Amino acid sequence: MRVTICFGGSILAPDGPDIDCIREIAQALRALKSRGHEVLVIVGGGKPSRRYIEAARKFKASNTRCDLIGINVTRMNAHLLIAALGNLAEQEPVFTFEKAIRAMLRDKIPVMGGTTPGHTTDAVAAMLASSSKSELLVFFTDVDGVYTSDPKLDRKAKKFETMTSHELVNLVAGQRVEPGMNIIIDPIGVRLIERARIRTLVLGRHEISRLADILKGAKHSGTTITPG
Ligand code: UTP
């Protein structure tokens with residue numbers, strides 16, 4: 001299966017880089033490759049990107065500069081995952097979808113961070129899944145699925161087992177896109193998922209080691225987003 005996987009910065013670098021998590025991700029990706037899957041990867045910036053963006057704001061940096069700072073941090077995280085993957089990975093963070101697809105066709109795992117200002121790596125993941133014609137898009141986040149509201153703030157929040165991409169669009173509608181924002185999937189990414197009509201999973205960190213089985217159809221405790 002051709003699959004695009006986005007590892008949110010919130011799990012990869014919840015404070016600084018999480019070495020154990022990065023190791024686990026590399027192991028899971030190796031397992032996918034050994035089973036013949038075609039894999040494309042995106043990583044987020046996490047807390048370090050937010051810290052840098054906050055610092056830039058103190059100097060009244062423009063949103064575009066804040067975004068560019070965030071993009072650079074995602075690329076540092078991409079370097080870490082590339083280091084953990086060794087020869088299996090394309091040896092530098094990939095900046096364009098074309099180069100990512102070319103690397104995948106050479107049997108390497110491309111690791112992308114951000115691309116251009118104005119969105120997050122969620123949107124990059126949706127664009128890469130669409131341009132590579134991936135069969136499945138997977139997001140790993142620090143929240144283990146899509147909830148009716150933020151479960152960290154609302155004890156009554158309920159997780160969706162399944163939902164349509166249209167329902168997800170309605171759920172995130174109206175959320176502002178700002179540098180360093182923190183929502184489950186950014187609204188631009190959600191629109192792109194709806195447009196590309198790609199089956200999408202939102203999973204928690206604890207499912208990383210089960211990824212190969214989940215691709216084979218094993219149950220998971222996250223949210224499945226179906227086209228529609
Ligand atoms: P992230 O994708 O990490 O955003 O990009 P996030 O919402 O903080 O996600 P998690 O929590 O890490 O998963 C960090 C910042 O980099 C800029 C944005 O400002 C974003 O908030 N960015 C990232 C871009 O401007 N363009 C991109 O393509 C990617």
Side-chain angles (χ1 to χ4, degrees), residues 4-18 21-22 24-25 40-81 93-100 110-132 137-147 150-153 168 171-172 175-193 196 200-205 207-208 222-223:
T4 296
I5 310 168
C6 181
F7 295 96
S10 53
I11 59 163
L12 201 117
D15 192 23
D18 183 333
C21 181
I22 296 171
E24 204 179 327
I25 291 171
L40 305 106
V41 172
I42 302 95
V43 298
K47 196 58 146 311
S49 72
R50 234 158 266 137
R51 284 216 183 98
Y52 269 83
I53 289 168
E54 276 160 26
R57 283 215 173 99
K58 302 273 184 229
F59 301 112
K60 299 196 174 6
S62 65
N63 276 345
T64 302
R65 185 179 300 281
C66 290
D67 282 340
L68 289 170
I69 289 170
I71 290 168
N72 275 297
V73 177
T74 64
R75 288 177 180 164
M76 290 192 332
N77 287 340
H79 270 294
L80 288 180
L81 182 55
V94 178
F95 294 3
T96 70
F97 303 121
E98 292 79 4
K99 284 193 177 153
V111 184
M112 292 189 79
T115 53
T116 52
H119 49 71
T120 73
T121 48
D122 298 340
V124 177
M127 287 185 242
L128 182 59
S130 167
S131 56
S132 64
L137 170 59
V138 184
F139 288 96
F140 282 99
T141 74
D142 64 340
V143 182
D144 61 347
V146 181
Y147 283 75
D150 185 345
K152 287 180 197 152
L153 306 173
L168 183 60
L171 189 74
V172 301
Q175 306 229 28
R176 281 166 61 87
V177 179
E178 285 177 341
M181 68 184 187
N182 192 9
I183 51 174
I184 184 90
I185 302 180
D186 101 51
I188 298 173
V190 167
R191 281 266 175 219
L192 291 166
I193 290 170
T200 301
L201 308 180
V202 179
L203 303 175
R205 193 208 141 141
E207 310 264 32
I208 294 173
T223 301

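Each ligand, and each atom within it, is numbered from 1 in the order the structure gives. In this text the structure is predicted, and so the values were computed from the model without any measurement.
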Chemist: Is it the side chain (CB and beyond), the backbone, both or neither of I69 that lies under 4.0 Å from ligand 1, heavy atoms counted?
Modeler: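 None of I69 does.
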Chemist: Heavy atoms only: which of D67, I42, T120 lies closest to atom 25 (O) of ligand 1?
Modeler: D67
Chemist: Would you check the N or O atoms of G45, main chain and side chain alike, for any that come under 3.5 Å of an N or O of ligand 1?
Modeler: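 The answer is yes, given that G45 and ligand 1 share an N or O pair closer than 3.5 Å.
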Chemist: If you measure from atom 22 (N) of ligand 1 to every heavy atom of M112, H119, M127, R75, which option wins on shortest distance?
Modeler: H119
Chemist: Where is the tightest heavy-atom contact between G114 and R75, given as atom of each residue plus distance?
Modeler: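 That closest heavy-atom pairing would be O-NH2, 3.1 Å.
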Chemist: If you count every heavy atom of other residues, nucleotides or ligands that lies below 6.0 Å from F97 atom CZ, does the total exceed 12?
Modeler: yes
Chemist: Return a yes/no value for C66: is any of its N or O atoms, backbone included, closer than 3.5 angstrom to an N or O of ligand 1?
Modeler: no
Chemist: Considering only heavy atoms of G46, which atoms of ligand 1 have at least one such atom less than 4.0 Å away?
Modeler: 3 (O), 12 (O)
Chemist: Can you sort out which atoms of ligand 1 are near T115, meaning under 4.0 Å from one of its heavy atoms?
Modeler: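 Per the distance check, 27 (C), 28 (O).
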Chemist: Using a strict cut-off of 4.0 Å, indicate which atoms of ligand 1 neighbour a heavy atom of R50.
Modeler: 6 (P), 8 (O), 10 (P), 11 (O)
Chemist: Should you measure from each heavy atom of G8, which atoms of ligand 1 turn up under 4.0 Å away?
Modeler: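 Atoms satisfying the 4.0 Å criterion: 13 (O).
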Chemist: Would you mind listing which atoms of ligand 1 come within a distance below 4.0 Å of any non-hydrogen atom of G114?
Modeler: 27 (C), 28 (O), 29 (C)
Chemist: Considering the options D18, L12, T141, which one meets the side chain to side chain contact (heavy atoms under 4.5 Å, CB included) requirement together with R205?
Modeler: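 When side chain to side chain contact (heavy atoms under 4.5 Å, CB included) is applied between R205 and each of D18, L12, T141, only D18 qualifies.
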Chemist: Would you say R65 has more than 12 foreign heavy atoms packed within less than 6.0 Å of its CZ?
Modeler: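 At most 12 heavy atoms, drawn from other residues, nucleotides or ligands, come within 6.0 Å of this atom.
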Chemist: Report, in ascending order of atom number, the atoms of ligand 1 lying under 4.0 Å from any heavy atom of T116.
Modeler: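 Answer, ordered by atom number: 24 (C), 25 (O), 26 (N), 27 (C), 28 (O).
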Chemist: Pull out every atom of ligand 1 sitting under 4.0 Å from any heavy atom of V124, numbered as shown with elements.
Modeler: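 Here the atoms of ligand 1 in question are 28 (O).
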Chemist: Run the side chain to side chain contact (heavy atoms under 4.5 Å, CB included) test against T116 and tell me which residues pass, sequence neighbours left out.
Modeler: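 Residues passing side chain to side chain contact (heavy atoms under 4.5 Å, CB included) with T116: H119.
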Chemist: CG of D186 to CZ of R191: how many Å apart, nearest 0.5 Å?
Modeler: 12.0 Å
Chemist: Please work out which of G118, P48, G70 has its closest non-hydrogen atom nearest to atom 16 (O) of ligand 1.
Modeler: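 Ranked by closest heavy atom to atom 16 (O) of ligand 1, first place is G70.
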Chemist: Go through the structure and list residues passing ring pair (Phe, Tyr, Trp, His ring centres under 6.0 Å) with F139, not counting sequence neighbours.
Modeler: none
Chemist: Under the side chain to side chain contact (heavy atoms under 4.5 Å, CB included) test against I208, which residue among V138, L203, I25 passes?
Modeler: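 The passing option is I25.
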Chemist: Minimum heavy-atom separation for P48 to D15, with atom names?
Modeler: CD-O, 3.0 Å
Chemist: For S49, take its heavy atoms, then give the atoms of ligand 1 lying under 4.0 Å from any of them.
Modeler: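 Matching atoms, with element in brackets: 14 (C).
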